[in-house]
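One structure is given here, and the rest of the page talks about it.
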Amino acid sequence: MSPFLDLPPLSAADFAAIEDRVAALLHTSADVIVTQGEALLPLEAAIRSAAHPGSTALNIVTGPYGQTFGNWLRDCGAEVVDLAVPFDGAVSAKQVAAALEAHPAIDFVSLVHAEAATGNTNPVAEIAAVVRAHGALLMLDAVASVAAEPLLTDEWGVDLCVIGGQKAMGGPAGVSAVSVSDRAWERIAANPAAPRRSYLSLLDWKERWTDAGRTVLPHAPAQLEMLALDACLDRIAADGLPAVIARHRAAAAATRAGVRALGTLTPFVPEDAHAAPVATTVRTPPGLAATALAAELLRLDPALPVQPGGGALAAEMLRVNHYGRAASPDTVQATLAALATALGTAADGAQKAAQAAWEAAWESAAPQG
Ligand SMILES: *Cc1c(COP(=O)(O)O)cnc(C)c1O
């Protein structure tokens, strides 16, 4: 007998209720569409819905996802202005304002909030303000920021906000969601190239589900993934979103302090203000390949949330994915202990530094009481 089989069907009302819970998490009153696939699905859907020949997009590249978005935008025939910055920092609102000023035709901006792959995070509130003043639509990839740091979709003026459940939410990877502002719906409806009768179509969902009163699902819901998403929303509600965010902030602060105290390694993102709460990336010195270090750490403790960086970064960057349940003092301490063993150094100082940093971050970020 399996508890995962033979379940009663997920109703349209259940599906709509989960969408409303996601909207609350995103602090938005806009339409939220839960999409039946990993987060790349709504990211591609949002870009293909908004971009078209004749449009000009500003694609902000602060990590590998920005490169993917640029390729989709070009595929759609849009003119693309890439604003690329080094992957170990953040883009500033000033840089975005200068790009908008240099290219007045820009009508769409794609931005990644936090990058789990490189460990940096961008100041979305300030960037969104200059994008709004220019009159462009803003798409935000918030997959690695949701539940790890504040995400104020409506207050900031984010038109298309994309999330997935698998990072700080500690949930499933097989469902995701996008919020769509009224401005974004107007632009998408006016785009003759926006997908229709397609799995990538946001307009199909609007027509057949949202505008139809959310009473009949257009096709069978991904039952198990939806139940898992609901369960992870329950868990976030039980802990309280501010406490979940504070745990991620504390995990990043503690990991950074511990790594600095160990010596040999340095945070890949040097400035604390640019470091993502979702994951900490660590630079290995020349002669110590991050792939070999990750393999040794996993040999010491297969439960550690570590992996080498992707692509060319595999040589010099180790990722510590302290998100979801791994945003805990125990995981951070276990990671530092294994790092000390792998480097042949004492763990004591690093563990004390991490504990002090955790406590300081928790006190300044955690909700009272
Ligand atoms: C993790 C992540 C995604 C989801 O992509 P995967 O490759 O499936 O992990 C999308 N965007 C960002 C910024 C992410 O960190």
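Note that ligands are numbered from 1 as they come in the structure, with each ligand's atoms numbered from 1 the same way. Remember, it's a predicted structure, so these values are computed and weren't measured experimentally.
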inquiry  = Contact between ligand 1 and Gly63 is defined here as a heavy atom of the residue under 4.0 Å from a ligand atom; is it met?
reply    = no
inquiry  = Under 4.0 Å, counting heavy atoms only: does Gln166 come that close to any atom of ligand 1?
reply    = yes
query = Is any side-chain N of the basic residue among Asp230 and Arg235 closer than 4.0 Å to the acidic one's carboxylate O?
reply = no
task = Step through the shown structure and confirm whether more than 12 heavy atoms of other residues, nucleotides or ligands are within 6.0 Å of CD on Glu207.
result =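 For Glu207, atom CD is crowded (more than 12 foreign heavy atoms under 6.0 Å).
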request  = Could you tell me whether Arg325 atom CZ has more than 12 heavy atoms of other residues or ligands within 6.0 Å of it?
outcome  =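 No - once you tally the heavy atoms of other residues, nucleotides and ligands closer than 6.0 Å, there are 12 at most.
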Atoms in ligand 1 with a heavy atom of [X] nearer than 4.0 Å:
| X | result |
| --- | --- |
| Asp141 | 10 (C), 11 (N), 12 (C), 13 (C) |
| Ala144 | 15 (O) |
| Ala114 | 13 (C) |
| Val112 | 13 (C) |
| Ala116 | 15 (O) |

remark   = In Arg247, His248, His322, the residue satisfying side-chain contact (heavy atoms from CB on, under 4.5 Å) with Pro277 is His248
ask   = Between Val278 and ligand 1, which residue portion shows a heavy-atom distance shorter than 4.0 Å: side chain, backbone, both, or neither?
value =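 None of Val278 does.
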So which protein heavy atom does [atom] come closest to, and at what separation?
| atom | value |
| --- | --- |
| atom 2 (C) of ligand 1 | Lys167 NZ, 2.4 Å |
| atom 4 (C) of ligand 1 | Glu38 OE2, 3.0 Å |
| atom 9 (O) of ligand 1 | Tyr65 OH, 3.4 Å |

query = Between Trp72 and Leu202, is there a shared hydrophobic cluster once you connect ILVMFWY residues whose side-chain heavy atoms come closer than 4.5 Å?
reply =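 Per the 4.5 Å side-chain linkage, Trp72 and Leu202 are co-clustered.
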task = May I ask you to check whether Trp156 and His27 place their ring centres under 6.0 Å from each other?
result = no
query = Once the angle between the rings of Trp358 and Trp362 is folded into 0 to 90°, is it parallel (under 30°), tilted (30 to 60°) or perpendicular (over 60°)?
reply =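 Judged by the thresholds at 30° and 60°, the geometry between Trp358 and Trp362 is parallel.
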query = Checking Arg256 side chain against Thr266 main chain: does a donor-acceptor pair fall under 3.5 Å?
reply =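 A pair under 3.5 Å: no.
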